[in-house]
Amino acid sequence: MTRLAGGLIDRSRVLNFTFNGRSYAGHPGDTLASALLANGVRLMGRSFKYHRPRGVVAAGSEEPNALVTLRDGARAEPNTRATGVELFEGLTARSQNHVGPLGFDMLAVNDLLSPFFAAGFYYKTFMWPRAFWEKLYEPAIRRAAGLGALSMQADPDAYEKGFLHCDLLVIGAGPAGLAAALTAARAGARVILADEDFRLGGRLLAESHLLNEAPARQWVAGLEAEFASLPNLRVMRRTTVWGAFDHGVYGAVERVSDHLPTPGEAPRQTLWRITAKRAVLAAGATERHIPFAMNDRPGIMLAGALRAYANRWAACPAKRVAIFTNNDDGHRTALDLAAKGVEIAGVIDPRPDAKPLGPYPVYAGSVVTDTRGRLGLSAIAVTREGQTQWLDAGALGVSGGWNPNVHLASHQRGRPVWDDAQQAFLPGAGIPGQIVAGAAAGKGSTHAALHSGAEAARAALQDLGLTAHLPDLPRAEDGAAPPHPIWHVPGKKRAWVDFQNDVTVKDIKLAHQENLRPVEHLKRWTTLGMATDQGKTANVTAIAVMAELTGQSIAQTGTTIYRPPYTPVSLAVLGGGDTGAHFRPRRLTPSHSWAKAQGAVFVEVGPWLRAQYFPRPGETHWRQAVDREVLATRAGVGLCDVTTLGKVDVQGADAGIFLDRLYANAMASLKVGMVRYGLMLREDGHAYDDGTCARLAEDHYIVTTTTAQAGPVYRHMEFARQCLWPELDVQLISTTDAWAQVSVAGPHARKLLERVVDGFDLSNAAFPFMGCAALTVCGGLRARLFRISFSGELAYELAVPARYGAALMARLVEVGKDLGATPYGTEALGVLRIEKGHAAGNELNGQTTAQMLGMGRMVSAKKDAIGTVMTRREGLMAETRVLVGLQPVDAAQPVTAGAHLFTEGAAQGTATDQGWISSACYSPHLGSMIGLGFLADGAARMGEVILAANPLQRQEVRLRVTSPHFIDPEGGRLRD
Amino acid sequence: MRFSALRVFQQALTGHKGWGPLWRNPDPQPAYDYVIVGGGGHGLATAYYLANTFRQARIAVLERGWLGQGNIGRNTTIIRSNYLLPGNEPFYEFSMKLWEGLEQEFNFNAMVSQRGIVNLIHTDAQRDAYRRRGNAMLLAGADAELLDRDQVRAMIPFLNFDNARFPIKGGLLQRRAGTARHDGVAWGYARGADRAGVDLIQNCEVTGFRIEAGLIRGLETSRGYIGAGKVGVAVAGMTGRVMAMAGMRMPIESHVLQAFVSEGLKPTIPGVITFGAGHFYVSQSDKGGLVFGGDIDGYNSYAQRGNLPVVEDVAEGGMALMPMIGRARLLRIWGGIMDMSMDGSPIIDRTPVEGLYLNAGWCYGGFKATPASGYAFAHLLATDRPHDTAQAYRLDRFARGHVIDEKGMGATPNLH
Amino acid sequence: MLIPHPLLGLRDAQEFTYLGDARLLDRPDGLAPDAAEAFADYVYLRDNPAGLHRELWFHEQGDRSWLVVTRDTVTHEILGAELARDVALARRSK
């Protein structure tokens, strides 16, 4: 056991957990990493490429090595940083990326072959023979790559999304963030304080510093009490602000239940979209290491992490520890560890004048040049002026200085700026509304962090017109000398820069040698910084090494781009709860409950769920139901809920002029009480949408759109009204949801309607084809009636307020029993309209023109309607494909939508393609399948036999070209 | 130096001392016969084919930053030739055939991997449209297969078949589609061009064109004036800015497309999958990251970064389609500038300025087109005739009404 | 992004649908002799600036106003928003 005294763990309780199946115990307050270290476990994983044994390097979210698969079964969570996992009772974790036991990974053979696996080697080989890439090389590479594995089961937990608004968002609850939150909250501002840790305090928790001569945790405890009393302050622990977006929007994830064995009723995580008027970024700093030969063994850690484990978690990986540092901060680790009774083998400090700050040996002017220990560090080589000696040590803390965490100040592509004095990249142009404070701004001493945090909050509030007073801040240490610039220790062996992706100093040298010198080339050639830590501990060091090689300054070398997220975010929480059946809202028609009671089968139509057909007992195939519905409609009367068609109410003195400009054909001339088919074009002259215009009064039209385009067409109409012709007196409102509309079609349609209308004369003379009227039905229910037909039969569409939709359907079926009133669904609707030759979505696909649809003459050249000018372009005029009907020569043969049309005997290829079949169905009326399609010169080819090629399904069918109107081409039935 | 397994072996034994630079860093010459503006995928490929296939000389590529810094370096690496329209499909199939021999040709492993693409079908109308498209592909000499629901399930069992808002009814499969390592493509072409004598000039920004009497003479750059016989512009999202220097307005808007990669995972997803009812497509890189994307953000942007609503929308699509990816983590989001054309299809053509040629309008689909785009543009530059498969990519097709509108969305670039 | 709706204050851009360059307000006269050329320019050509851009957004999940928003396409900073109807009417009175 390597548990020390003290720490912020609750020793009164024991938490049991397993790692690779072995049982261990820890305490509340532990992370998985601290508990493993306290149990003497140093080896926690394997590296990505060479499968090198690895232990934990850091104590926070920058951890590159200690990645585990947490939990089991469907909750298994690969690539989880052991440093961020709060210990809970029953926790299970497994190491990753090895074949065989962690201690004896078969793939460690890659390490022996490492000379062959230099940066970019795979771009230079595996090319011969060509077929071997997919069959042999790539599968082997893919199996070896990756880290953890997904369970392949659906995530069983719940996720939530939420929106928060505040005056000031404080990111990070270390000394700077705490001071900022305190300052702003006391001033009465709405403040959110978010930190990824489960405890407030940040780095204060990891240090032995005193605040006002007392342990820092006492000051933090006092603040927490005050925070709890401030209703205008929301403290969000376990919350990572991971992205800074436009206009003060921040993405944050709260790990609501990740510290519990299971979430229970709560969500596992919540995605917060925080809209902040101002923000203080107090994200702290990340320590950097100094690459030296064989610097990746378990037990070699960042010095500040070693100190954090000792102070906060009372854990230490070894009894005898060495430190390698180029700055005074490293010495603090030695001091703190010594104070906890850990033996200090020595502090190796390249500064020739380095002095001990306490009772430990210092090796001044020295560097670490090699290490030993297969699965964990056993000794280090210390070299001074060419003289090397070996020191026994089970752990080595390395400190190369600190990199400010500038990520969230750089998410809008402002690059950080190199500061020579501090030897660090500091925030650059930053993000509007955001102030960087504390160590993230290079103000790394506790004193400086506290004061810069308070000042940042004061300035941010002042910007908002609020006055904040700087609080009394505790006395704190204020010593932070910049590090001595030493970026790596030269040597023959490998020295790791990016631990997880196994990028070494040699790889950087090779990139330089091969002229991949810009940092982005360096990154992409070597995969530097592309691991799960996005190079938090590696990138700046690598930039410095490349700068050294090119002779440019670090400032000239520059950084790669900082991109969200700050730390990886689960896809489940980004998706929120909108998954499975809840992926998109589902719209139900007014008659849905009625249709459901009739046993209808439903189908997704855009956002809608519509009745597809109404099977009856004994019908074993959908076609039986559809054929029956079609025949019943053509012979008697059919009923279909057509509410999903868009409806727009158009009113105003200029309504007619307005519609004249919207539709290709004339609308102003429409008589009151009449309906006209309307074709809308896009401004580029292609067909946009079709529907009907009904004129209820001089200044009142009702327009219908297709189901699919109801939203876009309404938007388009508002565009025309507000942006193109604002001077017209016209108002629009969408009434799609307000009116239920039922199609009543078939020779008995009039007879049926006569039984529900309230004394309305439905005779052909009084209410002719294309008539419309407002009336009442069923004894006083207000309604609208349109005599329009999509089926080719005598037909009406009856609209009633939406809440009566189901009742109307039920009533019509009931009173029409003797007439054979039959409800039909979208399938029969489709068959009826194909038989009649009406275009629908498959024909109005955005690529067709009025001319192609056989409606070229509808486009009036006399008026300036949307799309008419561009209709006359040469390319559109030259288009000869037009809508035709298609019937198989052999009635038993299929007609398949999506088949391409060819002249019989012609070669089949792109150049000889003559068109395609857009819609097809079985026509019970004709006793064969039929289709609609677009055929070159189609109008002149009636009766010709052509070939429909469907090579995708190895089908070739001879079809006869016909009129698209298979039913009643003269339209007599409509007008009866 | 020619790359090979033997060479890697030899170098490994001798400490990798023998590897030379992948390309030189030449200073610009006073004048070139051909200047390609833009050192991205299309520009580098153009220079490569101009020098190697069309045997032209005195060629330079001007890149304002580092080679491959544009969309070739930030995309979702998908290659496919599954287009509908006759203006497009033969071109993309030509590109696919070039991909199939690319690595052997330019002696660089760009990890072209034909693991297939499945476009999922959720409605009968979508099946009709995909059948038409699949047939168009076969008629153009490409490969395509129509899968029913059971076949999709056998191939990709982890999709949401049981609780989906939009049930999966089948798929259109192109087996020869897949992915390639995007940077590797840029580097392969760059190295191949350099070896054929092309000057690749980095950190050289074009600041103006010298045009006399309607004829191009050369370019003003941040590294001085460079004379040019012919100038080919291949700058994707920057097309509007660059062509404005020649006094032209373009049928193009620049939009941001975000793309995403997860942490590395053991092999999970075999090929490329596109969700037909949500805005989501995904593949898995050889390194193990799930590489995915969705719609463009939808507003004009040169920022190379996007916003949270689209991030959420894409993740929703992913979770709806593949609920087993929930515990994978998003590692990185990036954004590129898309040259969204007015019909969703590209332009490879001359311009009203004699000697100035344009390659643009790739929307978010330029990566797969890289080989054919370079080849066709080089063909045009060298012969002044469009390549057979690129004849429809005319700049004047908008005014003349010969648009190539795969999606049927009209002149609304953010909907293509 | 947040859009400063002139009537409703700051609204999340997610409530809006984007169309494009506000020059789409300036629809040419379809009956003019040069209509073919004018429409080819109007429908297809764009300035596509890197910098300030006046553009049309529709408050689809809100009050259904079309807005002209002035936004920097490089930084995404929004400098203001007006009702498109007002802008269109003002242009007519000129």
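Protein chains get the first letters and strands the later ones, always in sequence-line order, with residue 1 at the start of each. Here the structure is a predicted model, which is why all the values come from computation and not from measurement.
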Worksheet, complete the sentence: Answer key: most heavy-atom pairs under 4.5 Å with chain C among B/Arg249, B/Arg400, B/Gln304 is B/Arg249
Worksheet entry | Under 4.5 Å from any heavy atom of chain C - which part of B/Val403 | side chain
Fill in: Straight-line distance of C/Gln14 CD to B/Asn307 CG, nearest 0.5 Å
10.0 Å
Worksheet entry | Which of B/Ala399, B/Gly240, B/Gly298 touches chain C most, by non-hydrogen pairs under 4.5 Å | B/Gly298
Discussion item. For B/Tyr299 and C/His53, I'd like to know if the aromatic rings sit close, meaning centre-to-centre distance below 6.0 Å.
Written reply: no
Discussion item. If only side-chain N and O atoms count, and only distance matters, is there a donor-acceptor pair under 3.5 Å linking B/Tyr302 with C/Asp72?
Written reply: no
Worksheet, complete the sentence: One should read off an interatomic distance between B/His255 NE2 and C/Thr73 OG1, to the nearest 0.5 angstrom, of 10.5 Å
Fill in: Largest heavy-atom contact set with chain B, pairs under 4.5 Å, which of C/Asp47, C/Leu45, C/Leu19
C/Leu45
Practice prompt. Kindly give the heavy-atom pair with the smallest separation between C/Pro49 and B/Arg241, and that separation in Å.
Written response: CA-NH1, 3.6 Å
Practice prompt. State whether a side-chain donor-acceptor pair under 3.5 Å links B/Asn300 with C/Tyr18.
Written response: yes
Discussion item. Let me confirm one number: the CG-OG1 distance from C/Asn48 to B/Thr239, rounded to the nearest 0.5 Å.
Written reply: 8.5 Å
Worksheet item: What's the shortest heavy-atom distance between C/His76 and B/Arg305, and which atoms?
Response: CE1-O, 3.7 Å
Worksheet item: About how many Å separate CG of B/Leu308 and CE of C/Met1, when rounded to the nearest 0.5 Å?
Response: 12.0 Å
Discussion item. Please classify the contact of B/Ala411 with chain C as side chain, backbone, both or neither, using a heavy-atom distance under 4.5 Å.
Written reply: both
Practice prompt. Write down the atom of C/Arg46, the atom of B/Glu253, and the distance for their closest heavy-atom approach.
Written response: NE-OE2, 3.0 Å
Worksheet item: Is chain B contacted by the side chain of C/Thr17, its backbone, both, or neither, given a heavy-atom distance below 4.5 Å?
Response: neither
Discussion item. Please classify the contact of B/Thr412 with chain C as side chain, backbone, both or neither, using a heavy-atom distance under 4.5 Å.
Written reply: side chain
